**Q** 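Have a look at this one before I ask anything.
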Number of protein chains: 2
Amino acid sequence: MNEKPAIAEIVDLLSKKWVMRIIWELRAGPLTFRQLQSACNDLSPTVLNNRLKLLRDAQLALNDPSRGYTLTDMGRDLLEVYKPLNQWAIAWQAAKNDTPETRRPR
Amino acid sequence: MNEKPAIAEIVDLLSKKWVMRIIWELRAGPLTFRQLQSACNDLSPTVLNNRLKLLRDAQLALNDPSRGYTLTDMGRDLLEVYKPLNQWAIAWQAAKNDTPETRRPR
DNA sequence: TTGTTTGCTACTGATAAAGTAGCAAGGTGT
DNA sequence: ACACCTTGCTACTTTATCAGTAGCAAACAA
């Protein structure tokens with residue numbers, strides 16, 4: 001039924017611009033379409049709508065008309081999985097900005 | 001020195017097409033430019049070269065002329081961080097393809 | 001009615017990615 | 001020297017993706 005390995009499928013989805021950001025912005029609770037828009041640097045409704053459709057199809061988010069767009073349980077799980085990446089990223093950013101070329105001698 | 005939070009910076013990088021795939025293809029050891037190309041579905045040298053530059057700048061990969069392109073220690077660490085995502089993805093793919101709409105009644 | 005907010009679409013312009021051809025540098029073998 | 005490779009890479013063109021703007025219909029409120 002699935003042509004692709006699961007990891008390839010999710011990497012494809014998360015490689016699309018704004019997808020991870022949208023999930024991130026929904027971390028604290030539901031947001032309306034327009035709230036999401038302004039949370040994501042006023043991205044165009046064209047792209048936002050497209051991404052929300054992808055996220056709904058992937059069952060990572062859904063639209064509860066009375067509350068707004070919300071993460072599903074799976075969406076929240078994905079955020080949990082991403083937490084270690086945050087730790088790694090902090091160490092990475094510090095390390096890559098402290099290289100022989102850019103570091104001044106002491 | 002850094003305008004962006006580390007997590008935003010790495011999400012930006014990993015959101016670019018082929019970046020994660022390239023890291024993945026280097027998991028087992030060095031590959032030459034052309035080996036990487038064919039490993040990544042014959043992607044154009046234009047994009048591959050661009051991505052390799054990004055990865056070199058991010059110090060996740062480097063080019064050892066005698067061996068080919070290789071992951072740095074940080075690059076390998078990133079792969080480690082991604083392992084849980086693989087587990088999550090398998091469960092996610094199974095769950096999302098077993099929904100009330102697409103599932104036939106028994 | 002008038003006004004507001006909702007999700008969303010249509011249309012246009014800009015940017016990123018892909019496809020193809022080919023080059024210069026370095027090695028290898030004759 | 002020569003003709004061959006493979007290397008990383010660039011130039012150029014086409015196509016896909018993303019962004020910006022305007023605005024609509026539905027739902028509700030004053």
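Throughout, a chain's letter reflects where its sequence line sits, starting with A, and its residues are numbered from 1. Just so it is clear, the structure is predicted and the values come from calculations on it, not from any experiment.
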**Q** In whole angstrom, what separates B/Q37's CD from D/dT6's P?
**A**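 Going from CD in B/Q37 over to P in D/dT6 covers 14 Å.
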**Q** Send over the distance from B/Q35 CD to D/dT6 P, rounded to a whole Å.
**A**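 It is 12 Å, rounded to the nearest whole Å.
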**Q** Let me know the distance between CZ of B/R34 and C1' of D/dT10, rounded to the nearest Å.
**A**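 Taking CZ of B/R34 and C1' of D/dT10, I get 12 Å after rounding.
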**Q** Rounding to an integer number of Å, can you tell me how far B/D64 CG sits from D/dG8 C1'?
**A**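 The answer, rounded to whole Å, is 14 Å.
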**Q** Give a yes or no on whether the backbone of A/T32 and the side-chain of A/Q35 come within a donor-acceptor separation of less than 3.5 Å.
**A**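 Present.
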**Q** For D/dA19, does OP1 or OP2 lie under 4.0 Å from any side-chain N or O of A/K17?
**A**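 Looking at the OP1 and OP2 atoms of D/dA19, one of them is under 4.0 Å from a side-chain N or O of A/K17.
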**Q** Roughly how many Å is it from CD1 in B/I22 to P in D/dG8, rounded to a whole number?
**A**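 My rounded result for the distance is 13 Å.
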**Q** Short of 4.0 Å, heavy atom to strand atom, which residues of residues 39-58 of chain A count as contacting DNA chain D?
**A**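 Correct list: A/S44, A/P45, A/T46, A/V47, A/R51.
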**Q** Starting at atom CG of B/L62, determine the distance to atom P of D/dG8, rounded to an integer number of angstrom.
**A**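 Rounded to the whole Å, the gap is 13 Å.
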**Q** Nearest of C/dG7, D/dG8, D/dA19 to any side-chain atom of A/T32?
**A**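 Comparing C/dG7, D/dG8, D/dA19 against the side chain of A/T32, the answer is C/dG7.
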**Q** Nearest to the side chain of B/F33, heavy atoms from C-beta on, is which of C/dG7, D/dA19, D/dG8?
**A**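 Nucleotide nearest to B/F33's side chain: D/dG8.
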**Q** Within 45° of the six-membered ring axis of A/W24 and under 6.0 Å from that ring's centre, is NZ or CZ of A/R27 located there?
**A**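 Yes, A/R27 lies over the aromatic ring of A/W24.
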**Q** What residues form a side-chain contact (heavy atoms from CB on, under 4.5 Å) with A/S15, not counting sequence neighbours?
**A**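 If we apply the side-chain contact (heavy atoms from CB on, under 4.5 Å) test to A/S15, skipping adjacent residues, the hits are A/V11.
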**Q** With no hydrogens and no angle check, is any side-chain donor or acceptor of A/W92 less than 3.5 Å from a backbone partner on A/Q87?
**A**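 No: the side chain of A/W92 does not pair with the backbone of A/Q87.
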**Q** Can you check whether A/L71's main-chain N or O pairs, donor with acceptor, with A/R76's side chain at less than 3.5 Å?
**A**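 Flag set: sc A/R76 to bb A/L71 pair under 3.5 Å.
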**Q** Taking the six-membered ring of A/W18 as reference, does the cationic atom of A/K16 (NZ for Lys, CZ for Arg) lie under 6.0 Å from its centre and within 45° of its axis?
**A**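 No, a cation-pi geometry is absent between A/K16 and A/W18.
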**Q** Rounded to whole Å, how long is the line connecting atom CZ of B/R67 with atom C1' of D/dG8?
**A**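 So the two atoms are 19 Å apart, to the nearest Å.
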**Q** OP1, OP2 of C/dT6 versus side-chain N and O of A/Y69: anything below 4.0 Å?
**A**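 A/Y69 to C/dT6 OP1/OP2: no side-chain N or O under 4.0 Å.
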**Q** Nearest whole Å is fine: how far is D/dA16 P from A/D12 CG?
**A**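 So the two atoms are 17 Å apart, to the nearest Å.
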**Q** Any carboxylate oxygen within less than 4.0 angstrom of a Lys/Arg side-chain nitrogen, looking at B/D12 and A/K17?
**A**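 Salt bridge absent between B/D12 and A/K17.
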